[in-house]
Amino acid sequence: MNQETAKILWNKPAGASVYRIGLTCGNEYGQADPGQFVTLRLPKESSPLLRRPFSIHRLIKNNGELKGIEILYKAVGEFTRKLSHTAAGERIDMLGPLGKGFTVSAAIKSAALVAGGIGVAPMVFLADRLIHEGISPTQTIVCLGGRSADDVLCDTDFQTMALKTRITTENGSIGEKGLVTDALSNWLKDHQPDMIYACGPMPMLGAVSAIAKQKNMPCEVSIETIMACGVGACLGCAIKDTQHAEGYGHVCIDGPVFNAARLNLAGR
Ligand SMILES: Cc1cc2nc3c(=O)[nH]c(=O)nc-3n(C[C@H](O)[C@H](O)[C@H](O)COP(=O)(O)OP(=O)(O)OC[C@H]3O[C@@H](n4cnc5c(N)ncnc54)[C@H](O)[C@@H]3O)c2cc1C
Ligand code: FES
């Protein structure tokens with residue numbers, strides 16, 4: 001973990017209220033795992049006081065050399081709106097890489113990646129790493145879901161990696177009409193992946209966990225909670241965790257990625 005003043009390489013629109021920001025970073029990000037996150041603060045702003053967490057979306061490399069990280073973010077409130085007004089060349093305070101990421105190993109040959117809305121942010125980095133470790137693209141699916149077409153992001157990123165995607169929207173404006181978990185359930189009728197990975201709103205994670213439990217399949221979920229310190233010092237991100245001695249874990253240091261079974265999310 002390192003605190004640094006990162007330089008903004010770019011900050012450009014990537015959809016409705018969604019942006020991609022490129023940031024310089026230290027060499028330790030070369031060892032970062034997909035699912036790990038950073039916390040950001042704007043040095044010239046006194047508000048908001050607390051740093052805000054964002055997943056690493058992608059490592060930026062040039063001829064194999066690490067140049068920075070990219071973050072995909074949605075402008076939802078004070079910090080993210082201010083962030084959307086920053087420009088290349090400006091500086092930002094960055095702490096990371098933080099937390100525990102997704103399990104990636106050569107033993108995982110097939111997977112289902114399930115993302116709801118901006119929950120897709122860590123999935124591009126994850127897909128890239130899984131491919132690097134030798135996953136079979138034909139035995140892998142990326143299920144992207146959202147309320148409407150505006151919430152479906154990064155489809156072309158996965159297609160560029162030769163991964164198949166299934167898109168669902170609640171209003172049917174793009175892809176199949178329904179929930180992202182419908183697409184997952186349909187795909188699982190004919191496939192037995194080594195792992196299900198999910199990131200998105202809590203009800204979606206509960207539904208994915210229930211499917212994995214019912215089919216007895218390993219599943220990892222990335223949890224989003226409001227965070228204050230991001231480093232295990234404030235108890236602001238506590239979550240019920242059956243494997244934690246005190247019964248509660250910290251999303252910021254025990255997660256944000258957890259084995260779904262240990263959180264009992266199914267049915268939430
Ligand atoms: C581990 C982790 C990784 C994250 N990765 C990303 C990412 O890659 N890209 C991204 O866009 N966001 C990500 N988030 C969420 C991001 O941290 C929040 O959107 C951000 O903190 C909002 O700050 P704000 O000041 O703009 O909004 P605030 O003014 O704090 O909040 C504005 C509104 O958004 C709601 N809100 C705030 N945080 C969240 C949240 N976590 N989930 C749902 N609603 C929320 C608030 O309840 C409020 O209604 C992540 C969160 C966590 C915990
Ligand atoms: S955010 Fe402070 S303990 Fe997790």
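In listed order, ligands and their atoms are each counted from 1.
For Ile118, every heavy-atom contact with ligand 1 shorter than 4.0 Å involves the side chain, none the backbone. Residue contacts with ligand 1, taken as heavy atom pairs separated by less than 4.0 Å, involve Leu72 solely via the backbone atoms N, CA, C and O. Under 4.0 Å from ligand 1, the heavy atoms of Ala121 that appear belong solely to its side chain. The parts of Cys229 lying near ligand 2 are both backbone and side chain, judged by heavy-atom distances below 4.0 Å. With a 4.0 Å heavy-atom cut-off, ligand 2 is reached by the backbone of Leu235 but not by any atom from C-beta on.
The protein non-hydrogen atom at the shortest distance from atom 22 (C) of ligand 1 is Val76 CG2, 3.8 Å. Nearest protein heavy-atom neighbour of atom 23 (O) of ligand 1: Arg52 NE, 3.0 Å. Taking atom 3 (C) of ligand 1 as the reference point, the nearest protein heavy-atom neighbour is Ser55 OG, 3.5 Å. Taking atom 26 (O) of ligand 1 as the reference point, the nearest protein heavy-atom neighbour is Thr80 OG1, 2.4 Å. Scanning the protein heavy atoms around atom 4 (C) of ligand 1, the nearest turns out to be Pro53 O, 3.5 Å.
Atoms of ligand 1 found under 4.0 Å from any heavy atom of Phe79, numbered from 1 in the order shown, are 24 (P), 25 (O), 26 (O). Of all atoms in ligand 1, listed by their number and element, those nearer than 4.0 Å to a heavy atom of Ile226 are 37 (C), 38 (N). Under a 4.0 Å criterion applied to the non-hydrogen atoms of Met227, ligand 1 contributes the atoms 1 (C), 53 (C). Each of the atoms 9 (N), 10 (C), 11 (O) of ligand 1 lies under 4.0 Å from some heavy atom of Tyr73.
Ligand 1 has no nitrogen or oxygen under 3.5 angstrom from a nitrogen or oxygen of Pro48. For ligand 1, the polar-atom distance check finds no N/O of Thr225 at less than 3.5 Å from any of the ligand's N/O atoms. Between Gly77 and ligand 1, at least one N/O pair is under 3.5 Å apart.
When the heavy atoms of Glu224, Arg81, Arg51 are ranked by distance to atom 42 (N) of ligand 1, first place goes to Glu224. Ranked by closest heavy atom to atom 1 (S) of ligand 2, the top entry among Gly236, Gly230, Ala233 is Gly230.
Taking the six-membered ring for Trp and thresholds of 30 and 60 degrees, Tyr73 and Tyr19 have nearly parallel ring planes, at less than 30 degrees apart.
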